[in-house]
2 protein chains.
Amino acid sequence: MRTEERQIFGEYIKSEGLKETAPRNRILNAFLNSEDHVSAEDIYLLVNRGKRKVGFTTVYRTMKLISDCGLAREVMFDDGIARFEHTLGRKHHHHLICTRCRKVIEFTSKTMEDAEQALLKKNEFELQYHKYEIFGLCKACREQVGHK
Amino acid sequence: MRTEERQIFGEYIKSEGLKETAPRNRILNAFLNSEDHVSAEDIYLLVNRGKRKVGFTTVYRTMKLISDCGLAREVMFDDGIARFEHTLGRKHHHHLICTRCRKVIEFTSKTMEDAEQALLKKNEFELQYHKYEIFGLCKACREQVGHK
DNA sequence: AACGAAATTGAAAATCATTTTCAATATATA
DNA sequence: TATATATTGAAAATGATTTTCAATTTCGTT
Ligand SMILES: [Mn+2]
Ligand SMILES: [Mn+2]
Ligand SMILES: [Zn+2]
Ligand SMILES: [Zn+2]
């Protein structure tokens, strides 16, 4: 499984004159088997469930490679912890983040993108990247907290 | 000048059983005389231009008081440095940030706010706060960099 | 005006995610 | 297999912010 991703990573490694190693493959596997928005620590824990250990440093370095070759994107919410999400075959999107249970809902909005285009034009601003994050309570948490 | 702000701060200090001190007043003055989006370091430098020195710790602590009493809001862009902006009499807004010269343009958009409302309703999500930050090149930088 | 309880100050140490350093180890090409 | 080059990971460094704590200041009460 995840043949395409592994191939992209392998080719990137080769093209950069880097070497294929066991730690790198284990980290790539952990990431490919993970759900969205995993931190370096998440990966570190996933990768080190067995006997052989991989260091934190290598996790950080390899997640950078995985990002650089186009398989992941680093997102930074409000807690100072970088997280990685899959990018292959995924569309650009933004996030609704539950401050209680940390659930993340992804969204896109044509209306908003259009409004942004107009805004950029009006301010003669050239977009490089943007982040739109909405923090609050998800449905489940809202019910548990008793907000109406 | 800035009578109202000083009064709000003074009343907050009193109501919390805190004490009015020279360092606090100097930091408040520096903030009140500053433009938007100043960092703790900015305030530290402004406050320490003269003879008497105020420590970094006190700047951080006092900026928290200034925020807590409603005169400032802490905003965190992409560089890991907290900045403070004035809130008294200002409307909610978001930011266009030039990655080259660090100029910040504030904006609001009724269209976007409406789209967000629809999004929140659709996802049964209760808003607490949100951030919308657009990074790119301002007009001046675009011209200097030679982007069309 | 002086007293004294309580708050404040700021230098230094701690925090915490992430990065850098560097000696030991692994990979890949000849 | 030899060798050049890249990788690893423990430990130290980083950098913004917070915490600690002994010395100092504030302010209501004598
Ligand atoms: Mn996402
Ligand atoms: Mn602003
Ligand atoms: Zn939730
Ligand atoms: Zn600019």
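Every value quoted in this text rests on a predicted model; they were computed, and no experiment measured them. Reminder, nothing fancy here: chain letters follow the sequence lines and each chain counts from 1.
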Rounded to whole angstroms, how far apart are [atom1] on [X] and [atom2] on [N]?
X	N	atom1	atom2	answer
A:K14	D:dT7	NZ	P	13 Å
B:K64	C:dA7	NZ	C1'	17 Å
A:Y44	D:dG9	OH	C1'	10 Å
A:M63	C:dT19	CE	C1'	16 Å
A:D78	D:dT17	CG	P	14 Å
A:R26	D:dT7	CZ	P	17 Å
A:N25	D:dT7	CG	P	13 Å
A:F77	C:dA17	CZ	C1'	17 Å

[N] phosphate, OP1 or OP2: any side-chain N/O from [X] under 4.0 angstrom?
X	N	result
A:T21	D:dT7	no
B:R61	C:dT8	no
A:R24	D:dT8	yes
B:Y60	D:dT17	yes

Identify, between B:F56 and B:E20, the residue whose nearest nucleotide on DNA chain D lies closer to the 5' end. B:F56
Out of [options], which has the shortest distance to the side chain of [X]?
X	options	value
A:L18	D:dT7, C:dT18, C:dT8	D:dT7
B:A82	D:dT8, C:dA7, D:dT17	D:dT17
B:I81	C:dA12, D:dA16, D:dG9	D:dA16
A:T57	D:dT17, C:dT20, C:dA12	C:dT20

Here's a test of your reading of the structure: between B:P23 and A:K19, which maps to the more 5' nucleotide of DNA chain C?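 So the residue in question is B:P23.
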Answer yes if the side chains of B:H92 and B:H130 hold a donor-acceptor pair under 3.5 Å, and no otherwise.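 B:H92 vs B:H130: donor-acceptor pair found between side chains.
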Which of parallel (below 30°), tilted (30 to 60°) and perpendicular (above 60°) describes B:Y129 and A:F135? parallel
Cationic N near anionic O, under 4.0 Å, A:K131 to B:D78: yes
Quick test of your reading of the model: are B:E5 and B:R2 salt-bridged, counting only N-O distances below 4.0 Å?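 Here B:E5 pairs with B:R2 in a salt bridge, since their nearest N and O are under 4.0 Å apart.
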Mind running ring-ring contact (aromatic ring centres under 6.0 Å, His included) on B:Y132 and B:H95 for me, showing each step along the way? CA-CA 7 Å; B:Y132 190 2; B:H95 302 98; over 10 Å; no
